[in-house]
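Below you'll find the structure, written out as structure tokens, and then a few comments.
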Amino acid sequence: MFNNKKKADENEAEEVKNSAEPAQTEETAKEATAEGTAAEQKAEKAESAENADLPALQKTLADTKAELETIKAELAKITDLRLRLAAEYDNFRKRSQREKEALYADVTASSVATLLPIIDNVERALAAENASAEDMRKGVEMINTQAVQALEKLGVSAFGAVGDAFDPNIHHCVGTTDAEGIESGAIAVVLQKGYKLGDKVIRPAMVQTAN
């Protein structure tokens, strides 16, 4: 009898278990279906959002391409301008160099033309035969005068005279000497005149100063 009751209990538990399994399976299926539906809805929303953004992305891409083409065109203009400026500067440099060389040649030729008459007179004096010492002296004095005039014509002037104040910027002192009537430190003897072109010293005067 006890065995029959135990068996009956086991049969009842098996029936309860069998009745519960379909319910759980159905609930699990519903949950899986709900999750699948939610996933599908989420995918559809994502696809819809992506499709909605596509025109905006295409417009942005087109705008970027247009801006890039504009930048390329501006860069090409700047490069062309730089090359033109470099070529113009090179031409200007070469032209300036040619003009400088031509100007130097013109100035040199003009200076030589001014000095040629002096050379002519020196040659005439040397060619003179049986000239007296007095004639030779007069001839040298004339040549000296002509040389001074030629230098003045070129804008060159002589400086450095006895009694002038000594200036180390334009005078070159090679010694001192006793000199009556000359202030101490002033120029007492001029060994070699100085020359300048305008304010530019060509050669300083070589002098001795008074003690």
Under a single-linkage definition using a 4.5 Å side-chain heavy-atom cutoff for Ile, Leu, Val, Met, Phe, Trp and Tyr, are L151 and I202 assigned to the same hydrophobic cluster?
yes

Roughly how far, to the nearest 0.5 Å, is the CD atom of Q58 from the CG atom of L61?
8.0 Å

Which hydrophobic side chains are connected to L85, either touching it within the sub-4.5 Å cutoff or through other members that do?
L81

Do the side chains of L126 and I143 join up, straight or via other hydrophobic residues, at under 4.5 Å, putting them in one cluster?
yes

Keeping to residues at least two apart or across chains, list the side-chain hydrogen bond (donor to acceptor under 3.5 Å, both in side chains) pairs with something in residues 146-156.
N121-Q146

Are T114 and S111 side-chain neighbours, meaning at least one heavy-atom pair lies under 4.5 Å?
no

When every non-hydrogen atom of P204 is compared with those of F159, the smallest separation belongs to CA-CZ, 4.2 Å

Donor-acceptor contacts, no H, no angles, side chain residues 95-103, under 3.5 Å, sequence neighbours left out:
residue, atom, partner, partner atom, Å
S96, OG, F92, O, 2.8
Q97, NE2, E101, OE2, 3.1

Rounded to the nearest 0.5 Å, how far apart are CG of N169 and NE2 of H171?
10.0 Å

Looking at E88 and R84, does any basic side-chain N land under 4.0 Å from a carboxylate oxygen?
no

Under 3.5 Å donor-acceptor, S110 side chain and D106 backbone
no

With D63 via side-chain hydrogen bond (donor to acceptor under 3.5 Å, both in side chains) - residues at least two apart
K59

Sub-4.5 Å side-chain heavy-atom contact between V207 and V189
no

Measuring from T64:OG1 to I71:CD1, what's the distance to the nearest 0.5 Å?
9.5 Å

Salt-bridge test for R93 and D90: reply yes if a basic N is under 4.0 Å from a carboxylate O, no otherwise.
yes

Any side-chain hydrogen bond (donor to acceptor under 3.5 Å, both in side chains) pairs touching residues 177-195, not counting sequence neighbours?
D178-N211

Side chain to side chain, C173 and Q208, heavy atoms closer than 4.5 Å
no

Working to the nearest 0.5 Å, report the span between CG of L154 and CG of L115.
6.0 Å

Between I187 and V190 the two heavy atoms that sit nearest each other are CG2-CG2, 3.9 Å

How close do I118 and A150 get, counting heavy atoms only, and between which atoms?
CD1-CB, 3.8 Å

Taking every heavy atom of A188 against every heavy atom of A210, the minimum-distance pair comes out as CB-N, 3.8 Å

Pairing residues for E123 by the side-chain hydrogen bond (donor to acceptor under 3.5 Å, both in side chains) criterion, not counting sequence neighbours:
none

Sidechain-backbone polar pair: D80 side chain, A76 backbone, donor-acceptor under 3.5 Å:
no

